[in-house]
A.B. asks: 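The structure's right below; bear with me while I get my questions together.
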2 protein chains.
Amino acid sequence: MSFDLDGFLPYRLSVAAARVSRRFAALYEAEAGLTIPEWRVLAHLARSGSVSVRDIHERVALDKSVVSRAASRLETAGWLRKSGHETDRRLIVLELTPEGEALMARLGAIAARFQAELCAELGPGAEAFAAALSRLAGEG
Amino acid sequence: MSFDLDGFLPYRLSVAAARVSRRFAALYEAEAGLTIPEWRVLAHLARSGSVSVRDIHERVALDKSVVSRAASRLETAGWLRKSGHETDRRLIVLELTPEGEALMARLGAIAARFQAELCAELGPGAEAFAAALSRLAGEG
DNA sequence: ACATGTTCGTTGCAGAAGCAATGACTTTCA
DNA sequence: TGAAAGTCATTGCTTCTGCAACGAACATGT
């Protein structure tokens, strides 16, 4: 018997991730016209406070260039502010503007609702599911 | 407290999927220089026999244009053959060449090994994990 | 102090994805 | 039958990703 794509985990994982991302992207696209990388940068900033491009790049699984360009767009849109680091002048410090924080408050609520929706779809196994994802994302 | 990206399912799903896809892509890239869409088209063909671009597009979560271009590359590489449909001349029938089947036999074995590796990493919850993925991929 | 190597953010560029439009063909229905 | 609508694969075109290269700023070792 030949290979079964439908049972293949990398494939199923890709399809599920793409579908879920799309669903959620529609929400914040409607709310603020954000792309996926922009959303991730904002979300990370909301949690971590001021942080460099490098930090985000490492924590958020986005290429440096993607973070850099997303940050520039977000800056001109007024959601975040760039400033130089005190002692290390190579670093650029990113932080939310008040508008950015207000936006993230709204998006955070939307995200929480969406998360609840997903958990409902997953049923009681949601916890174990999330743990399994961590294991897969763990080490490359 | 502000939003926690790390606990957010769509994010974790994306990261895990990207990481797993990358790991596996390295394998078939080394074996045959395939891209992800090319791999998916071949894998689907191996299972379904001769099939149209439209079929693959629907079953495999790839844009029509992506399937079309992947099929063209695979044809010039000699892994598959295009031919016209008997009665409906709009359709293009794709099927593996003998070389393509031989390739998929090798890749199928590699994929099975990789799947086993993943299941080992997931432990006993692998079954439930796969079921959860189906639920998420189910309906948009 | 100074040369070498590293790290940071940005930019250039080749390749890929996503979407609409096109041309060829088929179905439908008046 | 014949016109309109639908379906199929391909092709253009814009946008984005991913990688390498670059200039600027620090670190290290002599």
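Letters A, B, ... mirror the listed sequences (proteins, then strands); counts begin at 1.
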A.B. asks: Using salt bridge (charged side-chain N to carboxylate O under 4.0 Å, His left out) as the criterion, list what pairs up with Glu99(A), not counting sequence neighbours.
C.D. replies: none

A.B. asks: Could you check how far CG of Leu91(B) sits from P of dG6(D), rounded to whole Å?
C.D. replies: 18 Å

A.B. asks: Does Arg90(B) get its side chain close enough to the base of dT26(C), under 3.5 Å, for a donor-acceptor pair?
C.D. replies: no

A.B. asks: For Arg23(B) and Glu117(B): C-alpha separation, side-chain torsions, deciding distance, then whether salt bridge (charged side-chain N to carboxylate O under 4.0 Å, His left out) applies.
C.D. replies: CA-CA 11 Å; Arg23(B) 269 171 72 184; Glu117(B) 208 176 293; 2.9 Å; yes

A.B. asks: Near DNA chain C, counting only heavy atoms under 4.0 Å, which residues of residues 28-43 of chain A show up?
C.D. replies: none

A.B. asks: Would you give the length of the straight line joining atom CD1 of Ile92(B) to atom CD of Glu75(B), rounded to the nearest 0.5 angstrom?
C.D. replies: 8.5 Å

A.B. asks: Would you kindly give the CG-to-C1' distance between Asp88(B) and dG6(D), to the nearest whole Å?
C.D. replies: 12 Å

A.B. asks: Do you know which of Arg47(A), Arg40(A), Arg59(A) makes salt bridge (Lys or Arg N to Asp or Glu O under 4.0 Å) with Asp6(B)?
C.D. replies: Arg59(A)

A.B. asks: Can you check whether Phe3(A) and Trp39(B) have ring centres sitting under 6.0 Å from each other?
C.D. replies: yes

A.B. asks: Kindly check if the number of other-residue, nucleotide or ligand heavy atoms within 6.0 Å of CZ (Arg22(B)) is above 12?
C.D. replies: no

A.B. asks: Checking the side chain of Ser50(B) only, and the main-chain atoms of Val93(B) only, is there a donor and an acceptor separated by less than 3.5 Å?
C.D. replies: no

A.B. asks: Residues from residues 57-87 of chain B sitting under 4.0 Å of DNA chain D, heavy atoms only?
C.D. replies: Lys64(B), Ser65(B), Ser68(B), Arg69(B), Lys82(B)

A.B. asks: Please determine whether a side-chain nitrogen of the Lys or Arg among Arg135(B) and Glu121(A) lies less than 4.0 Å from a carboxylate oxygen of the Asp or Glu.
C.D. replies: no

A.B. asks: Whole angstrom is fine here: how far is it from CG in Asp55(B) over to P in dC8(D)?
C.D. replies: 9 Å

